[in-house]
Amino acid sequence: MAQYPMHINGHAIPGGAHFDVINPSTGGVVGSVPSATDAEVDQAIAAARAAQADWAARPSDDRAALLQRIGDRFEEESERIASLITQEQGKPLSGPGSMFEMEAVVGFTRVPASLDVEPEVVFEDDTRLDVLHYVPLGVVAAIAPWNWPAMIAIWQMMPSIRMGNTVVIKPSEYTPIATLELVAIMNEILPPGVVNIVTGAGDVGARLTSSPDVDKIMFTGSVETGRKVAAAASTSLARLTLELGGNDAAIVLDDVDASAIAEGLFWGAFVNMGQTCACAKRLYVQDAVHDEVVEALVNLANVMPMGDGLDPANVLGPIQNTAQFDKVSALVEDAKKSGATIHCGGVPTGGPGNFYPITVVSGITDGVDLVDVEQFGPVIPVIRVGDEADAIARANASTVALGASVWSSNPERASAVAAQLDAGTVWVNQHGAVHPMVPFGGAKGSGFGLEFGIDGLKSVSQPKVISTAKTG
Ligand code: NAD
């Protein structure tokens, strides 16, 4: 069985104790990775610290050119790494799956490489000149989840190193292998210590986030863990970007053509089997189109092949881990008890693998857990609503607010609803459509801080004003 090493200061570190990474489609072992010790985590932070000043001192164009070379290598290795993502995460090679994730890995590498944050003159008169610069923060600790393991690792690492920081990343214990391989490739090109990776469970993450020698934490994961990370950072006062969970509402207005929006809505809810932070997780559908929308989603669910993602015929995979599988199953059972109607799915497919079919549920409303809680799985509650104001009020009645969407054939109506929704992003006639040039981040309990584009680069930088008196 393949063993994948960590990378600290440019060296492959085989580690001591190992744990197995399980393929959720088969229950088999994909490979084994080290459980980092406290000493190894500390060594990784020290390596990042030692490398940082020289890395930051390089001309910005040099760093950009190295990122582009990394992008070239990622392109060359796309198929191999996509196969690893499919094996450890479950998402198929085909459809919006692991090859799609590798395209994003390349895109989210090349775009920050192509951007530069220029100093801004914020004030000038006869007496003074004030210029705002963005300088590196130092060492960035990155902690990633299991749903889009490679893409989210890249979201965290690339802007950080582009701006002259160095990185220690800890991928999810469920999906560390593709990230280990991406960091191995980066270390072919980068100076030692610029990007380091340690693997293990939450205790390894906690060691990183509580270190006094970390300047910035980029955390993507659940709200619950996000709170622990924020508490840990309260001692060091490390800067934080928290990309946490969501329970995105999609509001479907009664002027839509249900068949025309069905595919966008389907993938908006079910990309990666709903295991996506910014998936539509509650649909509020106006009465006049409710039945048509439900039928259109069910029709699509019935023709999408599900199975082992290494088979290119499949576009739907398993739920990534058994804890998540159990959570989704329990939410559906609870919805059934509440009297909800299950239009398709609703019963586990049966092993091997954590397969649970696409499940469309109606006859359900707020107050039932399937609506109120982030399900993070292949099941969508469809809530029948009357007027727009009711839909907006229900959509906003949540402690989390990552994304939201409005579906309408009337641009003015859609904009008016979008303006009233609480969320970091409101999409119109699409959902979850992130882009490397467009800032992305949560509102309310979904966290804070922006990723992507110029704003993403600024959020891994220290704003620094140089204020000069004009004399003579
Ligand atoms: P999780 O919070 O369980 O784990 C995330 C990471 O934190 C893992 O690497 C884990 O090992 C680590 N960790 C656990 N305990 C820790 C601690 N005490 N200190 C530091 N690190 C610790 O989340 P998950 O189950 O892997 O991911 C699913 C969640 O992530 C969902 O809620 C989803 O919505 C959210 N998510 C959000 C975004 C976003 O951009 N907002 C993107 C993807 C996923």
Side-chain angles (χ1 to χ4, degrees), residues 19 21 33 35-36 41 88-89 91 101 104 108 141-156 168-176 179-180 197-211 214 217-236 238 240-248 271-281 319-328 373-377 398-404 423-425 432 434 438-452 456 459:
F19 62 95
V21 176
V33 306
S35 289
V41 175
E88 66 178 344
Q89 202 283 331
K91 64 172 65 82
E101 182 164 357
F108 280 92
I143 308 222
W146 48 258
N147 57 341
W148 292 90
M151 180 177 75
I152 290 174
I154 293 298
W155 290 358
Q156 298 174 328
V168 181
I169 187 164
K170 190 203 86 67
S172 168
E173 56 274 38
Y174 291 111
T175 54
T179 313
L180 284 165
I197 181 165
V198 289
T199 46
D203 57 316
V204 176
R207 180 83 185 178
L208 258 181
T209 54
S210 58
S211 167
V214 159
I217 300 168
M218 301 198 69
F219 174 78
T220 303
S222 62
V223 175
E224 193 189 4
T225 312
R227 287 202 179 96
K228 292 183 191 161
V229 169
S234 70
T235 305
S236 65
L240 282 176
T241 296
L242 295 178
E243 294 283 8
L244 309 180
N247 194 13
D248 290 13
V271 64
N272 198 26
M273 296 305 271
Q275 303 167 114
T276 299
C277 50
C279 261
K281 291 169 181 156
I319 294 177
Q320 202 281 328
N321 58 75
T322 51
Q324 191 60 31
F325 182 90
D326 292 345
K327 178 180 169 186
V328 168
V373 173
E374 181 187 39
Q375 71 276 48
F376 218 62
S398 176
T399 56
V400 287
L402 185 59
T425 306
V434 296
V438 180
F440 176 68
K444 301 202 268 187
S446 290
F448 48 79
L450 288 173
E451 295 189 291
F452 315 159
S459 76

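Heads up: numbering here begins at 1 and tracks the sequence. Both counts, for ligands and for their atoms, begin at 1 and track the order of listing.
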Any chance you could measure E88, atom CD, to T179, atom OG1, to the nearest 0.5 Å? 6.5 Å

Which residues share a side-chain hydrogen bond (donor to acceptor under 3.5 Å, both in side chains) with E243, sequence neighbours left out: none

Can you tell me which portion of A144 lies within the under-4.0 Å heavy-atom range of ligand 1? Options are side chain, backbone, both, or neither. backbone

Whether the T175 and Q320 side chains hold a donor-acceptor pair (N or O, under 3.5 Å, no angle test) is what I'd like checked. no

Within the 4.0 Å heavy-atom shell around F440, which atoms of ligand 1 are there? 40 (O)

Among A142, A206, G246, G424, whose heavy atom sits nearest atom 19 (N) of ligand 1? A206

Are side-chain heavy atoms of V400 and E374 found at a separation under 4.5 Å? no

Ignoring hydrogens and geometry, is there a side-chain-to-backbone donor-acceptor pair from E101 to A150 under 3.5 Å? yes

Considering only heavy atoms from C-beta outward, does the side chain of L240 approach that of F219 to under 4.5 Å? no

Can you report which non-hydrogen protein atom sits closest to atom 36 (N) of ligand 1, along with the distance? C277 CB, 3.5 Å

The protein heavy atom nearest to atom 12 (C) of ligand 1 is I143 CG2, 3.7 Å

Could a heavy atom of S446 be found less than 4.0 Å from some atom of ligand 1? no

For atom 23 (O) of ligand 1, the protein heavy atom that lies nearest, with its residue and separation: S222 N, 3.3 Å

When you compare the side chain of N247 with that of Q375, does any pair of heavy atoms fall below 4.5 Å? yes

Any nitrogen or oxygen of W146, main chain or side chain, under 3.5 Å from a nitrogen or oxygen of ligand 1? yes

Restricting to side-chain hydrogen bond (donor to acceptor under 3.5 Å, both in side chains), what partner residues turn up for S459, sequence neighbours left out? none

With a heavy-atom distance limit of 4.0 Å, tell me whether E173 approaches ligand 1 through its side chain, its backbone, both, or neither. side chain

Ligand 1 to W155 polar contact by distance, N or O atoms, under 3.5 Å: no

Below a 4.0 angstrom heavy-atom separation, can you tell me which part of I152, side chain or backbone, both or neither, approaches ligand 1? side chain

Are any side-chain N or O atoms of N272 and backbone N or O atoms of N147, one a donor and one an acceptor, separated by less than 3.5 Å? yes

Under 4.0 Å to a heavy atom of K228 - the qualifying atoms of ligand 1, by number: 18 (N)

Judged on heavy-atom distance to atom 3 (O) of ligand 1, which of D248, V223, T225, L244 sits nearest? T225

L244 CG to T220 OG1 distance, which is reported to the nearest 0.5 Å: 8.0 Å

Quick one: does T199's side chain get under 4.5 Å of P171's, heavy atoms only? yes

If you count the atoms of ligand 1 from 1 in the order shown, which ones are under 4.0 Å from a heavy atom of G205? 19 (N), 20 (C), 21 (N)

In terms of atom number and element, which parts of ligand 1 are under 4.0 angstrom from non-hydrogen atoms of N147? 43 (C), 44 (C)

Any heavy-atom pair between the side chains of M218 and W155 that's under 4.5 Å? no

Side chain, backbone, both or neither: which part of D203 has a heavy atom under 4.0 Å from ligand 1? neither

Taking atom SG of C277 and atom CZ of F440, what is their separation to the nearest 0.5 Å? 4.5 Å

Which is it for L402 and ligand 1 at heavy atoms under 4.0 Å: side chain, backbone, both or neither? side chain

Hey, what do you get for CD1 (I169) to CD1 (I154), rounding to the nearest 0.5 Å? 7.5 Å

Using a plain distance cutoff, I'd like to know if K170 has any nitrogen or oxygen under 3.5 Å from a nitrogen or oxygen of ligand 1. yes

At a non-hydrogen distance cut-off of under 4.0 Å, which region of E243 contacts ligand 1 (side chain, backbone, both, or neither)? both

Looking at atom 27 (O) of ligand 1, what's its closest protein heavy atom, distance included? P145 CB, 3.4 Å

In terms of its nearest heavy atom to atom 30 (O) of ligand 1, the top option of G221, S172, A323 is G221

Indicate yes or no: at least one non-hydrogen side-chain atom of K281 is less than 4.5 angstrom from one of F376. yes

Using heavy atoms and a threshold below 4.0 Å, how should the contact between E374 and ligand 1 be classified: side chain, backbone, both, or neither? side chain

Is the closest heavy atom of Y174 to ligand 1 under 4.0 Å? no

Measuring from the heavy atoms of F219, does anything fall under 4.0 Å of ligand 1? yes

With a 4.0 Å heavy-atom cut-off (strictly under), which part of F376 contacts ligand 1: side chain, backbone, both or neither? side chain

